[in-house]
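Step one of this worksheet: look at the structure below.
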Amino acid sequence: MIDVPLSALEVAMVQTGTRAVDTLRDTTAFAQRLDALGYLRLWYAEHHHSPAIGAFPPVVLTAHAAASTSAIRLGSGGVLAPNHAPIMLAEQFGTLAALHPDRIDLGIGRGPGTFDESTARALRRGAGPTTDEEYRDDVASTLRFLVEEVALGPLPEPWLLASSTAGAQLAAELGLPIAFAHHIRPDNTQAALGHYRARFSPSRWCESPRVLVCVEAICAETEEEARRLAGPMNVVKAGLLKGHSEVPFPSPSEAAAHPFTAQERAGLAAFGAHQAYGTPETVVGRLAEVAEATGADELMLVTPVYELAARLRSYELVKEHATRPSAAAPRP
């Protein structure tokens, strides 16, 4: 059993042999189904110039999904501060919050959203990487503009995305809830969350530490099917381990034929040990372990699998088994 709310992260993987517009169309069906299943929130990630991930602005997807659903919270996970003027972020998400009261989240992150340096510079109009101080000022300015300039009424719920102790420090300093990227940097999770809780300063946005942990979860009726579904993303990860960012998102059959090296297999196994793959019992038990180990107030699942139907089935299975007392692994 999982005793914390479940949410979802949409990374909009573009399948080999399809068009980005097909992925975009699927995002609507995905949001509507998660709304019906009772997931708490759905966030959209910002990416640019990737053959595997659609370059769909989170604010646009949030607006479209909010008009197509009724209850699920929606927002960015995250919109990347270095790529946007703070007042523009405040205006965009402030407007969304006014149109859809108590349903909009503003998750803010730091990365450029691309591995391509020329694309990163284009997003910043030729400027170089942001400094720690510039990032802090951008986040603080966005929050200030929400209150002082936009002031349309209901405000979006702000979150700070982090994958390191530095990000946790900023979230604690500004008194923001933290969304930690356990699905990217699991080795950093415990230290960063400990740092966040120890140094948290209450604010108008959050009275006490509040932690969301994002986990990669791939669930299927059998362990074999879960491994098959995990194959395409493993190919992408293996490419990233080699420093190759231009890796398409292959089909499961293409991934099954991929020649992984022994080093890649070891790296993937080490990463996977921190995530949740397998049958519903295995996945729900693993998620319960992550929630207990991290003290998470909420778990967000990211499920990068080929084909919408398989991805939705994973979320359905997790939700179906998450409330069954016998589903989670027994605690010692």
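Counting begins at 1 with the first residue of the sequence. Bear in mind the structure is a predicted one, so any value in this text is a computation, not a measurement.
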If we ignore hydrogens and angles and just use 3.5 Å, is the side chain of [X] paired with the main-chain N or O of [Y] as donor and acceptor?
X    : Y    : result
E254 : S251 : yes
R286 : Q275 : yes
E134 : T131 : yes
S163 : R185 : no
E10  : A12  : yes
T23  : M13  : yes
H195 : A191 : no
T69  : D35  : no
R103 : I72  : yes
R136 : L174 : no

Is the shortest heavy-atom distance from the side chain of [X] to the side chain of [Y] under 4.5 Å?
X    : Y    : answer
C214 : F180 : no
L96  : T62  : yes
L143 : V147 : no
M88  : Q92  : yes
E223 : T282 : yes
M233 : F249 : yes

Would you compute the distance between atom CZ of R210 and atom CH2 of W159 and round it to the nearest 0.5 angstrom?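 Result: 4.0 Å between the selected atoms.
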Find the distance between CG (L106) and CH2 (W43) and round it off to the nearest 0.5 Å.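 The distance works out to 9.5 Å.
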[atom1] ([X]) with more than 12 external heavy atoms under 6.0 Å:
X    : atom1 : result
R197 : CZ    : yes
Q190 : CD    : yes
E224 : CD    : no

Do [Y] and [X] meet the salt-bridge criterion of a basic N to acidic O distance under 4.0 Å?
X    : Y    : answer
D132 : R110 : yes
E157 : R41  : yes
K237 : E264 : no
E149 : R144 : no

Does a side chain donor of either E216 or Y277 reach within less than 3.5 Å of an acceptor in the other side chain?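 Yes.
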Under 3.5 Å, is there a donor on one side chain and an acceptor on the other for T28 and H64?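 There is such a pair (donor and acceptor under 3.5 Å, judged by atom type) between the side chains of T28 and H64.
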Considering non-hydrogen atoms only, spot the tightest contact between [X] and [Y] and give its length.
X    : Y    : value
G231 : A255 : C-CB, 3.4 Å
W205 : P158 : CE3-CG, 3.3 Å
L299 : V215 : CD2-CG2, 4.4 Å
P280 : A220 : CD-O, 3.2 Å
Y315 : L9   : OH-O, 3.9 Å
P248 : T16  : CB-OG1, 3.8 Å

Under a single-linkage definition using a 4.5 Å side-chain heavy-atom cutoff for Ile, Leu, Val, Met, Phe, Trp and Tyr, are F145 and V139 assigned to the same hydrophobic cluster?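 No.
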Consider only side-chain heavy atoms of I, L, V, M, F, W and Y, link residues closer than 4.5 Å, and tell whether L301 and L308 are in one cluster.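 Both belong to a single hydrophobic cluster.
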Worked verdict on E298 versus S7 for side chain to side chain donor-acceptor pair (under 3.5 Å): CA-CA 7 Å; E298 181 178 338; S7 296; 2.5 Å; yes
